[in-house]
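Step one of this worksheet: look at the structure below.
Computed over heavy atoms, backbone and side chain alike; hydrogens, waters and symmetry mates excluded. Numbering of ligands and ligand atoms starts at 1, following listing order. It should be emphasised that the depicted structure is a prediction, and the values quoted were computed from it without experimental measurement.
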Amino acid sequence: MKVRTAVFPVAGLGTRLLPATKAMPKEMITLIDRPLIQYAVQEVIDAGVERVVFISARSKRALEDHFDRTPELEYQLEESGKDEVLEDMRRLSFMCDITYVRQKEPLGLGHAVLCAKDVIGKEPFAVILPDDIIMSKKPVTQQLIENYNKTGRSVVSLMEVPAEDTSKYGIVELGEQADKGLFRLDGMVEKPKSNPPSNMAIIGRYILTPEIMESLEKTQAGSGGEIQLTDAILEVAKKDGVYGYLFEGQRFDCGNMYGLFEAVVHFALERDDMRDFAVEVLKNASSKY
Ligand code: G1P
């Protein structure tokens, strides 16, 4: 069945980016000239997804506004003959259909995904954590969808991380290799404090079959006292099998200032309209310090 829907849990407070996120959703932090959420939504659209679901909360109004029409702005741009910008703004507000669901209590990532149950119904869907911005030739969501199409099972994105960082991620135990970069998963544990099963981490892109919802309903609070998506996926893995895919691309953790800065540098260097300027700035800065 086609993966038509992508769920974006965007209810988190973004405390790692304070004070930037004190009065603004973390997903609205900009990477050069557009907010993180726009990169993530563009990625799923490029992968053929038709419908976006934001699992949102209070104080996230700016996200809704960003993807809505702005008649005053459009009028002004039209009057001043800024046709190209006007076109960009219109395209942005018609990018996709967005459904908003409120997560009324911060009970964890698993709980956020469960909030989408009625909207999802009986279809497979993508889950996108927009803090994880991934630069790649082929959108990572598409890479996962292709592997879902091969296996008919849930597929999570994987990346190798340094041993000292395993306690920050969901860590998997790799099983049999099924294809290039594709492994059956024999186990997984959310943020292991000791004895991680490997140094293969789950990154914020998932294709999940609808069975996950039943599993989430039974999942008790786990790591950090929250209902964890990883725990629910493990139960689906035991019953039906779940795959992990070592995606191609470079991931930036834009939920903290180091990852965000690294992303700004790399994205600037990738852009034709920024590259020369960015190289010049970096050269000057490195000769000064
Ligand atoms: C979440 C998931 C974790 C995953 C990580 C990837 O954790 O729970 O399994 O490895 O995203 O970014 P968070 O970073 O939201 O605590």
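- For NZ of K104, the number of neighbouring non-hydrogen atoms (other residues, nucleotides, ligands) closer than 6.0 Å is 12 at most.
- If you look at L229 next to ligand 1, there are no close heavy atoms at all, none under 4.0 Å.
- For ligand 1, the atoms closer than 4.0 angstrom to any heavy atom of D132 are 6 (C), 12 (O).
- Given atom 8 (O) of ligand 1, the protein heavy atom at minimum distance is E190 OE2, 2.7 Å.
- A salt bridge links R69 with E74: the closest approach of a Lys/Arg side-chain nitrogen to an acidic carboxylate oxygen falls below 4.0 angstrom.
- For ligand 1 and L109, the ligand atoms under 4.0 Å from any heavy atom of the residue are 2 (C), 8 (O).
- Between R271 and D33 a salt bridge is recorded (basic side-chain N to carboxylate O distance below 4.0 Å).
- Atoms of ligand 1 found under 4.0 Å from any heavy atom of I202, numbered from 1 in the order shown, are 4 (C), 5 (C), 6 (C), 10 (O).
- A continuous path of ILVMFWY side-chain contacts below 4.5 Å connects V140 to Y243, so both sit in one hydrophobic cluster.
- The shortest separation from a heavy atom of K191 to ligand 1 is under 4.0 Å, placing the residue in contact.
- Not a single side-chain contact (heavy atoms from CB on, under 4.5 Å) links T30 to another residue, sequence neighbours left out.
- E176 CD: 12 or fewer foreign heavy atoms inside a 6.0 Å radius.
- A single hydrophobic cluster is seen to contain both M28 and I98, as judged by linkage of ILVMFWY side chains at heavy-atom distances under 4.5 Å, directly or through other members.
- Between Y206 and ligand 1, not a single N/O pair is under 3.5 Å apart.
- Remark: ligand 1 and G170 share an N or O pair separated by less than 3.5 Å (distance only, no angle test).
- Residue contacts with ligand 1 include R251, since one of its heavy atoms falls under 4.0 Å from the ligand.
- Considering backbone and side-chain N/O atoms, R16 never comes within less than 3.5 Å of an N/O atom of ligand 1.
- Below 3.5 Å of separation, one finds no N or O of G204 facing any N or O of ligand 1.
- There is no protein heavy atom less than 4.0 angstrom from atom 15 (O) of ligand 1.
- Of the candidates L158, I202, V161, V161 is the only one forming a side chain to side chain contact (heavy atoms under 4.5 Å, CB included) with Y169.
- Between the R275 side chain and the L269 main chain, a donor and an acceptor come within less than 3.5 Å of each other.
- Ligand-side atoms of ligand 1 in range of T230: 9 (O), range being under 4.0 angstrom from any heavy atom.
- Taking every heavy atom of L129 and a limit of under 4.0 angstrom, the matching atoms of ligand 1 come to 1 (C), 11 (O).
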